[in-house]
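Lettering of chains follows the sequences in order, A, B, ..., and the numbering in each one begins at 1.
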2 protein chains.
Amino acid sequence: MTANINIETMQEFGAIVQFHRKQAGLSRVGLADIAGVGKTVIYDIENGKDSIRLNTLLKVLGTLNISLSVNSPLMDQYKAGDHAQG
Amino acid sequence: MTANINIETMQEFGAIVQFHRKQAGLSRVGLADIAGVGKTVIYDIENGKDSIRLNTLLKVLGTLNISLSVNSPLMDQYKAGDHAQG
DNA sequence: GACAATTAACCGCTAAGGCGGTAATAATAT
DNA sequence: ATATTATTACCGCCTTAGCGGTTAATTGTC
């Protein structure tokens, strides 16, 4: 039950963030304060802006208990190697 | 078999990107050209820089067939609502 | 209705991402 | 050994993300 993120689905992603924020009973300013970012970037994310910096996004997602992950057909092969650290 | 992304695992994330690039037989400049980004940002990603812009990252991940997704305990509830558009 | 809180949508400013260029080192051929 | 290619790690330039401030519109709540 994950949601994919790409340039075309940024609007949908913004809706996901907004849903989680409202479920947490937070205003945009409230979320921004807890996450340690500005109120503007919360507005931007919820409106589908795609040029958000990753570190900024991770602060917001972390605050809302949303995890971000990557996957690919080669991931099994990668994990089988000696790269994994956990 | 997914890999989680957060501020602490950016180094690991960089290694994942590098693994996929090498499996594709691409140099950094080659990947950058195909993805439509500069060579510097490939270098930065592979070195664990966390302030990459999301749109830039998505271009690179898309080229390497790596998908980015979000998940959370509330995702089921979200999907059950009338938000879904796919 | 009145009131408070939230959101929308701008603004100017500062810090930094992303760009190509470059040069020095490292790796991989022939 | 000698080319060729790739990587590292810097630089200056331009663009823009992200910031707080602000005002109007919206959304509750009493």
How many Å lie between [atom1] on [X] and [atom2] on [N], as a whole number?
{"X": "Leu26(A)", "N": "dT6(C)", "atom1": "CG", "atom2": "P", "result": "10 Å"}
{"X": "Leu58(A)", "N": "dA17(D)", "atom1": "CG", "atom2": "C1'", "result": "16 Å"}
{"X": "Lys22(B)", "N": "dT5(D)", "atom1": "NZ", "atom2": "C1'", "result": "13 Å"}

When rounded to the nearest 0.5 angstrom, what is the spacing between [atom1] in [X] and [atom2] in [Y]?
{"X": "Met10(A)", "Y": "Ile16(A)", "atom1": "CE", "atom2": "CD1", "value": "10.0 Å"}
{"X": "Leu58(B)", "Y": "Ile66(B)", "atom1": "CG", "atom2": "CD1", "value": "11.0 Å"}
{"X": "Met1(A)", "Y": "Gln77(B)", "atom1": "CE", "atom2": "CD", "value": "11.5 Å"}
{"X": "Arg53(B)", "Y": "Lys49(A)", "atom1": "CZ", "atom2": "NZ", "value": "9.0 Å"}
{"X": "Asp50(A)", "Y": "Asp44(A)", "atom1": "CG", "atom2": "CG", "value": "10.5 Å"}

Can you see which heavy atom on [X] is nearest to which on [Y], and at what distance?
{"X": "Leu54(B)", "Y": "Leu68(B)", "answer": "CD1-CD2, 4.0 Å"}
{"X": "Asn65(A)", "Y": "Pro73(B)", "answer": "O-CD, 3.8 Å"}
{"X": "Leu26(A)", "Y": "Arg21(A)", "answer": "O-NH1, 2.9 Å"}
{"X": "Phe19(B)", "Y": "Leu74(A)", "answer": "CE2-O, 3.7 Å"}

Report summary line: Assign each of Arg21(B) and Leu54(A) the nucleotide of DNA chain D bearing its closest heavy atom; nearer the 5' end lies the nucleotide of Arg21(B)

**Report entry** Phosphate OP1/OP2 of dC19(D): any Arg53(A) side-chain N/O under 4.0 Å
**Finding:** no

Query raised in the report: What pairs with Thr63(A) under side chain to side chain donor-acceptor pair (under 3.5 Å), at least two apart in sequence or on another chain?
Result: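 Scan of Thr63(A) (side chain to side chain donor-acceptor pair (under 3.5 Å), adjacent residues dropped) gives none.
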
**Report entry** Residues that Asn71(B) engages under side chain to side chain donor-acceptor pair (under 3.5 Å), provided they are two or more places apart
**Finding:** none

Report summary line: Scoring nucleotides 24-30 of chain D by protein non-hydrogen atoms under 4.0 Å (B base, S sugar-phosphate only, - none) yields -------

Query - Protein proximity profile, nucleotides 22-30 of chain C - base contact B, sugar-phosphate-only contact S, no contact -, cut-off 4.0 Å on heavy atoms - result: B--------

Query raised in the report: Within the side chain of Ser72(B), is there an N or O that forms a donor-acceptor pair under 3.5 Å with the backbone of Met75(B)?
Result: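 Confirmed, Ser72(B) side chain pairs with Met75(B) backbone.
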
Query - Ser51(A) (side chain) donor-acceptor with Asn55(B) (main chain) under 3.5 angstrom - result: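 Between the backbone of Asn55(B) and the side chain of Ser51(A) there is no qualifying donor-acceptor contact (under 3.5 Å).
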
Query raised in the report: Where along residues 40-52 of chain A does a heavy atom come under 4.0 Å from DNA chain C, residue by residue in number order?
Result: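 Heavy-atom contacts with DNA chain C come from Tyr43(A).
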
Just the table, please: protein N/O against nucleotides 2-5 of chain C N/O, every pair under 3.5 Å.
none

Requested in this report: Assign Val29(A) to base, sugar-phosphate, or nothing according to its heavy-atom contacts below 4.0 angstrom with the strands shown.
Outcome: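 The residue Val29(A) makes no contact with any strand.
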
